[in-house]
There are 2 protein chains.
Amino acid sequence: MKIGSSRSSFNNVSRRTFLSTSAAALLSVRAVTAKGEQASGGDPLPSWNDGPAKAAVLAFVRDTTEKSSPKYVEKADRIATFDQDGTLWTEHPLYGQAMFALKRVGKMAPEHPEWKQKDPFKSVLAGDRAAMSKFTETDWLQIVAVTHAGMSTEAFEGIVNDWIKTAKAPRFDRLYTDLVFQPMLEVMQYLRANGFRTYIVTGGGQEFVRAYSERVYGVPPEHVVGSSIVTNYDNSSGKPVLMREPKPFFIDDGPGKPVGINLFIGKRPQAAFGNSGSADFKSGDTQMLEWTQAGGGARLMMLVLHDDEKREYAYGPAAGLPDTGVGTFSEALLTEATKNAWIVISMKNDWKQIFPWQK
Amino acid sequence: MKIGSSRSSFNNVSRRTFLSTSAAALLSVRAVTAKGEQASGGDPLPSWNDGPAKAAVLAFVRDTTEKSSPKYVEKADRIATFDQDGTLWTEHPLYGQAMFALKRVGKMAPEHPEWKQKDPFKSVLAGDRAAMSKFTETDWLQIVAVTHAGMSTEAFEGIVNDWIKTAKAPRFDRLYTDLVFQPMLEVMQYLRANGFRTYIVTGGGQEFVRAYSERVYGVPPEHVVGSSIVTNYDNSSGKPVLMREPKPFFIDDGPGKPVGINLFIGKRPQAAFGNSGSADFKSGDTQMLEWTQAGGGARLMMLVLHDDEKREYAYGPAAGLPDTGVGTFSEALLTEATKNAWIVISMKNDWKQIFPWQK
C-alpha cells in the first residue's frame, strides 16, 4: 500500500499530525493494568529480552526513585512522554487516523455526489493510491476539513469511537487497538507504578487519541497532548457545544513537541520515547528527545526501530530499508541518537513479544 | 487608581487576559495544605460563615463523593476549575500581571531612551493614569511584547519569580501572594482532600501563574490553564530553549474558557468558580459556568461578589457600584446567575475571614 508515500516534508508533517492513528488490545491491556499496579516482585518487563534497552529502563527507574540515589527525582517531577504512532502502536502501512479519514470520505460520499468529479475526494473514492501518494498539504487539509470538522467535539468523539471499535487494520485483520506494543504497555505501567505520570505526546489529533487513550493505554484525556484544530464555543441553541472548525490550531510534531509539552504540562519530561524523525527534523520525535535530555540528571531517551518484518513491519533508513514516508527513522536521526547516547530499541532483538495476543 | 478603566470590551479582554495577576500568603497556605489533606473531623471551611454558599459547597461534595448518592461522580471525573483574578486573589485596583508589566516597563526604560517620547511607554513612564486608561489593544500588546516576550520561558519564569517575591500590592502594602482569599484556599483544599483535581482557568498568562501556582495554591503547573503567547523551539546554540514571541496564541477568557478547558483538560468540570462577566459576556467566567452546568448531574457554579470595601474592595454593577473595568460583575451576569441558580458568594456576608493574615 502506497498511500502517502510522497516525501515532501511539509506533506509528511501534515499526514503525521492530522492523519495519525491509535491502538491496543483491550483485554490484554486490562490484564497488564490490573497486574502492573502492584509491580512488586517478579519481572516488571516480561516482554523484553535481556539487553541494554531493558537494562536502561530498569536503571532509570532505580536512579530516579530510590531516595539514596544522587539522581533521585521528586514524585511531582516524574513525567514521561510517549509518541503514539510507531512507538505505542503500529503505524504501517498508514497511520490509523489517516485510515479513519479515508474511510469517513467513503461513508460521507453518498451525500456528496460532486466528490466523484472532484479531487482529492475523487482519488480517495476511486482507491487511486498513486494519486493519493501525491496529495498536497491542501488536499489533506480538505480531507481533514470534511472528516474532522464541522461538528461538535461530542459528535466527533462518537464517530471516532464507532470507528475504533470496529475498523480492522491491514495485514493482521485485527482492530487497530489490538496492534499496541505489549513491551511499551509494560514500560508505561512500570513507570506509573513508580510514581511517573505517562503522557502521550502525539503528532496525531489530540481529540482523536483522547477518545480511546484511557481504555487502551491507561492514559486519561488530560494526559494526551496532540495536534488540534480550532474549536469555538457556541451556545446559540441554549445547549452549549464546542464546534470543531476546519482550521489548524496547534501542530504537535517535530519542534512542536517541546512546545506542546511546555504548553500542556509545563514541566520537562524525565523520559521520552519516540520512533521517528525526518532527515530535516521537521517532523518526528527528535526535538522531544533533545529537550528531555537537556534537562540534565537522570534522563531516558529511547527510539523504537521497526526492524521486524516477520512479527510487525520493517521500514526506514535507520533499518537500512526504504523510507515509506510514514514514521521515517532517518539516518540523520540515527546519527543524533548515536551522538547523544539515545537508546535504539530493536523490535526484533529487544522484544520477546510484540502484540499482546502474539506470543 | 484608574489604570485600565476604559470600557471597550476588546480592551477589557486584553487587559484581563495578558495583563492579569496572582496571590496568596505563603505561610498560611502551607498551614492549610498540611492540615487540609486529612480533612477528618472538624469544619473543613472554617473561614466561611454558615449560609447558603457554605452549605452548597458541603452538599456538593457529599453528593458527588458518597457512594450511595445518586449523583456520585467517579474520582477520574472530579474536576473543579477556578478563575484566578478576583476569585482566588485580589484584582483591584489592577490585575497583578498588569502591575508586573508596568513595573517592567519602568525597569527596562534606561535601555530604551526612545520610550520617553513614544506612547504607550511615555504615558506609563510618566505615570499618566488618564492616558493609560485609554490604552487600546495595540497599546497593551506593545507593552506585553516588550515585557513578556523576546526571552526564553526559563528567563521569563525567573523574572516573574523575582517580582512576585518582592512586589507589594496597593492599599495593603503586602506581597501580592498575601492577598489570596483564605475561604477559597479552604475550598480548593477541601475538594482535593475529596479526590477532586483543582485547576486554575485564568484569563491571565499561563506561564505567569505557573511560576507560583504550586507554592501559593497547591496547584501544579500542569493544572494551570491560561492565556498564552506563541513559543518557538530554538536549538541554534546547542542548548535548546523555548523562545517567547510577541504574538498571542490562545486567549483563555469568556468563550475561550470552555475551549481552554476542553483543550487542556479534555473533561467537563463538575464545579466552577468565577467572579466576573462583562455585559456582552466577551470576557469573564460566564461561559465557564454555563459549560459546567450543561453537563448535568451534581454541578456547582459559584461567583464571588466583591462587596466588602472594608476588608478588601467593593466594585461592579452587581454590587450596585461603578464598573471600574477590572473584574466586571455585570448586571447581565447577575441575571444569568439568578436564572441558572448559580450561587453568588458575598464576601461581606459569607466570609468570616478574607486573607490568611486578616482575622
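Naming: A, B, ... by sequence-line order, numbering from 1 per chain.
To the nearest 0.5 angstrom, His223(B) atom NE2 is 7.0 Å from Glu222(A) atom CD.
Residues that satisfy the side chain to side chain donor-acceptor pair (under 3.5 Å) test with Trp342(B), not counting sequence neighbours, are Gln293(B).
Looking at Val225(A), neither its backbone nor its side chain comes within 4.5 Å of chain B, counting heavy atoms on both sides. For Lys239(B), no part lies under 4.5 angstrom from a heavy atom of chain A. Tyr199(B) touches chain A through its side chain: at least one heavy atom from C-beta onward sits under 4.5 Å away, while N, CA, C and O do not.
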- request: Check the pair Asn235(A) / Gln287(B) against side-chain hydrogen bond (donor to acceptor under 3.5 Å, both in side chains), numbers first and verdict last.
  value: CA-CA 9 Å; Asn235(A) 195 20; Gln287(B) 290 89 348; over 6 Å; no

field: Criterion side chain to side chain contact (heavy atoms under 4.5 Å, CB included) on Phe250(A) and Phe249(B), from CA distance to verdict
entry: CA-CA 9 Å; Phe250(A) 178 63; Phe249(B) 176 69; 4.1 Å; yes

task: Kindly indicate, with the supporting measurements, whether the criterion side chain to side chain contact (heavy atoms under 4.5 Å, CB included) is fulfilled by Gln206(B) and Phe264(A).
output: CA-CA 10 Å; Gln206(B) 183 166 284; Phe264(A) 285 84; over 6 Å; no

- prompt: Does the side chain to side chain contact (heavy atoms under 4.5 Å, CB included) test come out yes or no for Asn232(A) and Val259(B), once each step is laid out?
  reply: CA-CA 7 Å; Asn232(A) 281 321; Val259(B) 170; 5.6 Å; no

task: Could you please spell out the steps behind the side chain to side chain contact (heavy atoms under 4.5 Å, CB included) verdict for Tyr233(B) and Met288(A)?
output: CA-CA 10 Å; Tyr233(B) 186 77; Met288(A) 177 166 77; over 6 Å; no

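Side-chain contact between Pro221(B) and Ile265(A) is absent, with no heavy atoms from C-beta onward closer than 4.5 Å.
Between chain B and the options Glu207(A), Lys267(A), Arg210(A), the largest number of non-hydrogen pairs under 4.5 Å is found for Arg210(A). Contacts with chain A were tallied for Ala294(B), Gly266(B), Pro220(B); Gly266(B) has the most, counting heavy-atom pairs under 4.5 Å. Ranking Thr153(B), Leu263(B), Val224(B) against chain A, the residue ahead of the rest is Leu263(B), based on heavy-atom pairs under 4.5 Å.
Between Arg268(A) and Glu154(B), at least one side-chain nitrogen of the basic residue sits less than 4.0 Å from a carboxylate oxygen of the acidic one, meeting the salt-bridge criterion.
For Trp291(A) against Val241(B), the heavy-atom pair with the smallest separation is CZ3-CA, 4.0 Å.
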